[in-house]
Amino acid sequence: MPTREQMRSTNKGKQNRPKKRHRIRHTILLIVGLLVLIGLGTGGYAYYNMNRTITKIQNPSQTTKKADKITANKKPVSYLLLGTDTGELGRDYKGRTDTMIVMTVNPKTNVTTMTSIARDTLVTVNGEQMKINAAYAYGTADSAMAAVENLLDIKINGGYILVNMGGLVKMVDAVGGVDVTSPLTFTTEGDDTQADSKSQYSFTANQTYHMDGNEALAFSRMRHEDPNGDYGRQLRQQLILRGVLKNSASVGSLFNDSLLNTLSNNVQTDVSTSSMKNLALSYRSALGNIKQDQMRGTTQSMGALGSVEMMSQTEIDRVHDAISEQMAE
């Protein structure tokens, strides 16, 4: 993949698009992005159940085979993980993609990198300025993927995984809860919980808690008391992720009916079954070695759009070049 400077020289007329920090809730996305993609690496009854689940989550009219040859040849592959706010706090509309993550998987370096795109990043779509999380709401998952590709001058060659964030509670419960050590002291607020604003939780720094789904959601969503803001929330979401992955691996709960039903009812993808099988066979080491990255910018007020996150050109270049390096063969 060309460097940012090369892209700039061949696209002189291309508009620079600033980016914004997201209020990302990507715990469930990371879980699904990993567990679904590596879940076919087993046999027998577990394979049958997982295969049935994947068939259900695939969009039959959009399933793409574009990554089949790439993954068969063990080349680096990238995906866009999308999390909608549908179902969260009782909402049942299509929703915006409050979580957007570019996931690159490189079997040669044995590294998977997940780069978070801020939900309020300012972009231009079809001549109209909007926050990047609206690209899906006003279009499709492909529209969101195009917005990310245009923003970073990259090509996502694997496809997308779209997740309903309302499934987080059931997913955590399906693996028996998670053990998490809180990095700070805080008490959740009314809008931090899944449904019942009367159910609040208190956490003390350096204390370990066994959390059920509702408590994990509240822990991962707290916004106002973290001195690091949304970036601190991303750290807490990663702690939930690690807990779910650990329990899935240790008790085999990835393949229990409860978790599979949660996946099948809350996930949609255009990734083909063949690509998933290739990933399971040849990319497991890389999928087990996760690195995190996030774009950091400054918040600005922009009229009717409200607060948007503006990224410097230096930051845009950094992310472009980092993803290009991750995708190098």
Open item on the list: Determine whether a donor-acceptor pair (N or O, by modelled atom type, separation under 3.5 Å) exists between the side chain of Thr188 and the backbone of Gln200.
Closed with: no

- [ ] Kindly say whether Asn106 contributes a backbone atom to a donor-acceptor pair with the side chain of Gln326 at under 3.5 angstrom?
- [x] no

TODO: Please test Val319 against Met311 for side-chain contact (heavy atoms from CB on, under 4.5 Å), starting from the C-alpha separation and ending with a verdict.
DONE: CA-CA 11 Å; Val319 173; Met311 292 291 169; over 6 Å; no

Task: Least distance between heavy atoms, Thr299 atom then Ser307 atom - done: CG2-CB, 3.9 Å

TODO: Answer yes or no: is there a side-chain heavy-atom contact under 4.5 Å between Arg119 and Met100?
DONE: no

Open item on the list: Measuring from atom CG of Asp293 to atom CD1 of Ile101, what distance do you get when rounded to the nearest 0.5 angstrom?
Closed with: 11.5 Å

- [ ] Spell out, as yes or no, whether a donor-acceptor pair under 3.5 Å connects the side chain of Thr269 to the backbone of Tyr160.
- [x] yes

- [ ] Could you tell me whether the side chains of Ser275 and Asp68 share a donor-acceptor contact shorter than 3.5 Å?
- [x] yes

Open item on the list: Is it the case that atom CD in Glu315 sees more than 12 heavy atoms from other parts of the structure closer than 6.0 Å?
Closed with: yes

Task: Shortest non-hydrogen contact between Val178 and Ala216, atoms and distance - done: CG2-CB, 4.4 Å

- [ ] Drop me the distance from Asp321's CG to Leu152's CG, to the nearest 0.5 angstrom.
- [x] 10.5 Å

Open item on the list: Are Val172 and Met211 packed together at the side-chain level, in the sense that at least one heavy-atom pair is separated by less than 4.5 angstrom?
Closed with: no

Open item on the list: Any non-hydrogen side-chain atom of Arg236 less than 4.5 Å from a side-chain atom of Pro183?
Closed with: yes

- [ ] Verify, without hydrogens or angle tests, whether Arg96 (side chain) and Lys131 (backbone) share a donor-acceptor contact under 3.5 angstrom.
- [x] no

Open item on the list: Nearest 0.5 angstrom please: Met295 CE to Thr115 OG1, how far?
Closed with: 9.0 Å

Open item on the list: Do Asp317 and Gln313 make a side-chain contact, defined as non-hydrogen atoms from C-beta onward lying under 4.5 Å apart?
Closed with: yes

Task: Exam field: side chain Gln129 to backbone Leu122, donor-acceptor pair closer than 3.5 Å - done: no

Open item on the list: In the structure I gave you, are the side-chain heavy atoms of Met327 and Pro76 within less than 4.5 Å of one another anywhere?
Closed with: yes

TODO: Check Ala286 against Thr112 and note the closest heavy-atom contact, atom names and distance.
DONE: O-OG1, 2.7 Å

- [ ] Decide side-chain contact (heavy atoms from CB on, under 4.5 Å) for Leu184 and Asn228; before the verdict, give the C-alpha distance in whole Å, the side-chain angles of both, and the deciding distance to 0.1 Å.
- [x] CA-CA 11 Å; Leu184 73 164; Asn228 292 314; over 6 Å; no

Open item on the list: Working to the nearest 0.5 angstrom, can you tell me the gap between Asn73 CG and Asn278 CG?
Closed with: 9.0 Å

Open item on the list: Quick check against the 3.5 Å criterion: does Asn289 have a side-chain atom that pairs as donor or acceptor with the backbone of Asn110?
Closed with: yes

- [ ] State whether a side-chain donor-acceptor pair under 3.5 Å links Thr181 with Thr208.
- [x] yes

TODO: Under the side-chain contact (heavy atoms from CB on, under 4.5 Å) rule, what do Val123 and Asn150 come out as? Steps first, then yes or no, please.
DONE: CA-CA 9 Å; Val123 295; Asn150 291 336; over 6 Å; no

Open item on the list: Hydrophobic clusters here meaning ILVMFWY residues chained together by side-chain heavy-atom distances under 4.5 Å, can you tell me if Met103 and Val111 are in one?
Closed with: no

Open item on the list: Using only atom types and a distance under 3.5 Å, with no angle test, would you say the side chain of Ser282 pairs donor to acceptor with the backbone of Leu279?
Closed with: no

Task: same_hphob_cluster(Val125, Ile156) at 4.5 Å side-chain heavy-atom cutoff - done: yes

- [ ] Show the numbers, then the answer: is there a side-chain contact (heavy atoms from CB on, under 4.5 Å) between Val77 and Lys75?
- [x] CA-CA 6 Å; Val77 63; Lys75 302 289 187 179; over 6 Å; no

Open item on the list: Once you measure the plane-to-plane angle for Phe219 and Phe203, does it fall in the parallel (<30°), tilted (30-60°) or perpendicular (>60°) bin?
Closed with: perpendicular

Task: 4.5 Å side-chain heavy-atom contact, Ser78 and Ile154 - done: no

- [ ] Check Lys108 against Glu329 and note the closest heavy-atom contact, atom names and distance.
- [x] NZ-C, 3.8 Å

Task: For the student: nearest non-hydrogen atoms of Thr71 and Tyr283, plus distance - done: CA-OH, 3.3 Å

TODO: Measure the shortest side-chain to side-chain distance between Ile240 and Val180 over non-hydrogen atoms and say whether it is less than 4.5 angstrom.
DONE: yes

TODO: Can you see which heavy atom on Ala147 is nearest to which on Ile132, and at what distance?
DONE: CB-CG1, 4.1 Å

TODO: Please answer whether the main-chain N or O of Tyr136 pairs with a side-chain N or O of Ser143 as donor and acceptor at a distance below 3.5 Å.
DONE: no

Task: Flag, side chain of His320 to backbone of Asp153, donor-acceptor distance under 3.5 Å - done: yes

TODO: Working to the nearest 0.5 Å, report the span between OH of Tyr79 and CG of Asn157.
DONE: 7.5 Å

Open item on the list: Rounded at 0.5 Å granularity, tell me how far CG in Leu162 sits from CE in Met145.
Closed with: 11.0 Å

